[in-house]
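Worksheet for the structure shown next.
Computed from a prediction, not measured in an experiment: that's the story for all the values here. Numbers for residues simply follow the sequence, beginning at 1.
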Amino acid sequence: MTAPALSCDGLVKVFGDIRALDGVTVSVSAPATGLLGANGAGKSTLMKVALGLLAPDSGDVRVLGLDAARDRRQIRARVGYMPEHDCLPTDMSAQDLCVHLARLRGLPRRDALRRASEVLFAVGLEEERHRLVATYSLGMAQRTKLAQALVHGPDLVVLDEPTSGLDPAGRHEMLAILRHLSRDLDIQVLISSHVLDDIERTCDEVVVLAGGRVAAQQSVAATPAGGPVALQVTGDPAAFLARLHERGVDAALDGVQIRLASASPHVLEVVRELAATTGVGISALVDGAHALEDAVVEAMA
């Protein structure tokens, strides 16, 4: 059986009076997993402990089945890391940086050159790979950080706030690249973010951290098109529900809301027609995609 990408048992990390990680116990095995939480929730600390950059005060941490404290060399050979902070040398090009880091990780020069070209092409920097990093935009710098995390062919890539500071177009492109890693290249991905939408668009599972503890862990299940929705009307919901049943719509009353089993175009057209003919207003129509958002908000409250 393949070992989890990350497993922690009673992990504690303290900085002075602050318990950044307070007894974290979790196992992560999905192709792409998001660490979600507000700033200060412990996401970056957990990643740094897992990578051997910080020593835990107590507890056990394993990455790909390897002990994070004793097997740091083996872990770094199999894991790529994209830090959040600005860390790129500005007097090097992306090509030279990736080749240099690939050589440090043990690749022969020929293989390092080939891998650098491949990953820079994959992240969309093939035409700018010889420019100095000092001339790069923020989006290009983020792609360079991702490329160096991939250049040695890792089994797992760990990314800390990969869309931080990006404009909408750059964010969209970065998220597409990250999803490509786990879906098409079989590289496990662990992403730290405080943006739920980033996690929903790239991950299969989410681990919610709050106050240094695991508040929730669940799959990120996309709601199928035409899936269930919650309808709220301004008039009597029971009366509106009865009219829906007369039209053959599968629905049920849930408090003040009407739960529609399907949001197919036909059902939505029936709802619109009934609202127009009866003079009832539609105050809310919420699809099932908000279920994850509700669960996260509840966990972080």
With a 4.5 Å cut-off on side-chain heavy-atom distances among I, L, V, M, F, W and Y, is there a chain of contacts connecting Leu120 to Leu113?
no

Check whether Lys13 reaches the backbone of Val49 with its side chain - one donor and one acceptor, N or O, closer than 3.5 Å.
no

Run Leu107 and Arg115 through side-chain contact (heavy atoms from CB on, under 4.5 Å) and show every step you take.
CA-CA 9 Å; Leu107 273 68; Arg115 283 292 302 169; 3.7 Å; yes

Assess whether atom NE2 of His245 is packed by more than 12 heavy atoms of other residues, nucleotides or ligands within 6.0 Å.
yes

Within the structure provided, determine whether Gln188 and Val157 are in side-chain contact (heavy-atom separation under 4.5 Å).
no

Nearest atoms (heavy-atom pairs only) where Ala32 meets Ser182:
CB-OG, 3.7 Å

Arg78 side-chain N/O to Asp155 backbone N/O, donor-acceptor pair under 3.5 Å:
no

Give the minimum heavy-atom separation between Pro154 and Ala149, together with the two atoms involved.
CG-O, 3.4 Å

Minimum side-chain heavy-atom gap Pro89-Leu97 below 4.5 Å:
yes

Heavy atoms, side chains only, cut-off 4.5 Å: are Cys87 and Lys145 in contact?
yes

Nearest heavy-atom pair of Arg259 and Ala230: which atoms, and what distance?
NH1-CB, 3.4 Å

Taking a hydrophobic cluster as the set of Ile, Leu, Val, Met, Phe, Trp and Tyr residues connected by side-chain heavy atoms closer than 4.5 Å, whether directly or through intermediates, do Leu185 and Leu150 fall within one such cluster?
yes

Answer with yes or no whether the hydrophobic clustering places Leu132 together with Leu125; edges join I, L, V, M, F, W, Y residues whose side-chain heavy atoms lie under 4.5 Å apart.
no

With no hydrogens and no angle check, is any side-chain donor or acceptor of Ser7 less than 3.5 Å from a backbone partner on Pro4?
no

Give a yes or no on whether Phe121 and Val151 share a hydrophobic cluster (residues Ile, Leu, Val, Met, Phe, Trp, Tyr; joining criterion: side-chain heavy atoms under 4.5 Å apart).
no

Of the non-hydrogen atoms in Cys8 and Val24, which two are nearest, and what is the gap between them?
CB-O, 3.6 Å

side-chain contact (heavy atoms from CB on, under 4.5 Å) between Thr2 and Leu64: does it pass, once the steps are laid out?
CA-CA 8 Å; Thr2 303; Leu64 299 172; over 6 Å; no

Carboxylate-amine/guanidinium proximity below 4.0 Å for Glu126 and Arg129:
no

Leu231 vs Ile282, side-chain contact (heavy atoms from CB on, under 4.5 Å): CA-CA, chis, key distance, verdict:
CA-CA 7 Å; Leu231 171 67; Ile282 298 174; 3.6 Å; yes

Donor-acceptor check, side chain of His152 to backbone of Val79, threshold 3.5 angstrom: yes or no?
yes

Decide yes or no for Leu156 and Ile187: does some side-chain heavy atom of the first lie under 4.5 Å from some side-chain heavy atom of the second?
no

Heavy-atom pair with the smallest gap, counting every atom of Ala252 and Leu241:
N-CD1, 3.9 Å

Side-chain (Asp254) to main-chain (Gln257) donor-acceptor, under 3.5 angstrom
no

Closest non-hydrogen atoms of Ile199 and Ile191, given as atom of the first, atom of the second and distance, are CD1-O, 4.1 Å

Do Tyr81 and Leu53 make a side-chain contact, defined as non-hydrogen atoms from C-beta onward lying under 4.5 Å apart?
yes

Taking atom CZ of Arg105 as the centre, does the number of heavy atoms from other residues, nucleotides or ligands within less than 6.0 Å exceed 12?
yes

Can a donor-acceptor pair be found, under 3.5 Å and without considering hydrogens, that links the side chain of Thr25 to the backbone of Gly10?
yes

Within 6.0 Å of CD1 in Ile18, more than 12 heavy atoms from elsewhere:
no

Do the side chains of Asp197 and Arg201 get close enough for a salt bridge, i.e. N-O under 4.0 angstrom?
yes

Can a donor-acceptor pair be found between the side chains of Glu205 and Gln217 at a distance below 3.5 Å?
yes

Yes or no on side-chain contact (heavy atoms from CB on, under 4.5 Å) for Gln142 and Thr163, after CA distance, side-chain angles and deciding distance?
CA-CA 8 Å; Gln142 289 291 88; Thr163 61; over 6 Å; no

Run the salt-bridge test on Asp60 and Arg62 with the 4.0 Å N-O cut-off and return the result as yes or no.
yes

If I take atom CG from residue Leu159 and atom OG from residue Ser164, how far apart are they, to the nearest 0.5 angstrom?
12.5 Å

Test item: Leu268 and Val270 side chains (from C-beta on) under 4.5 Å apart, heavy atoms
no

Show the numbers, then the answer: is there a salt bridge (Lys or Arg N to Asp or Glu O under 4.0 Å) between Arg131 and Glu128?
CA-CA 6 Å; Arg131 285 173 49 186; Glu128 294 86 8; 5.0 Å; no

Would you call Glu161 and His194 a side-chain contact if the rule is heavy atoms closer than 4.5 Å?
yes

Would Val26 end up clustered with Leu35 when hydrophobic side chains under 4.5 Å apart are linked, directly or stepwise?
yes

For Asp160 and Lys48, run salt bridge (Lys or Arg N to Asp or Glu O under 4.0 Å): C-alpha distance rounded to whole Å, both residues' side-chain angles, the deciding distance at 0.1 Å, then the answer.
CA-CA 10 Å; Asp160 196 355; Lys48 290 176 181 178; 5.8 Å; no

A side-chain contact here means heavy atoms from C-beta on lying under 4.5 Å apart; do Phe15 and Leu21 qualify?
no

Judged by atom type as modelled, is there a donor-acceptor pair below 3.5 Å linking the side chain of Asp71 to the main-chain atoms of Gln74?
no

So for atom CD, which belongs to Glu269, do other residues, nucleotides or ligands contribute more than 12 heavy atoms lying within a distance under 6.0 Å?
yes

SB check Asp184 Arg179 (cutoff 4.0 Å):
no

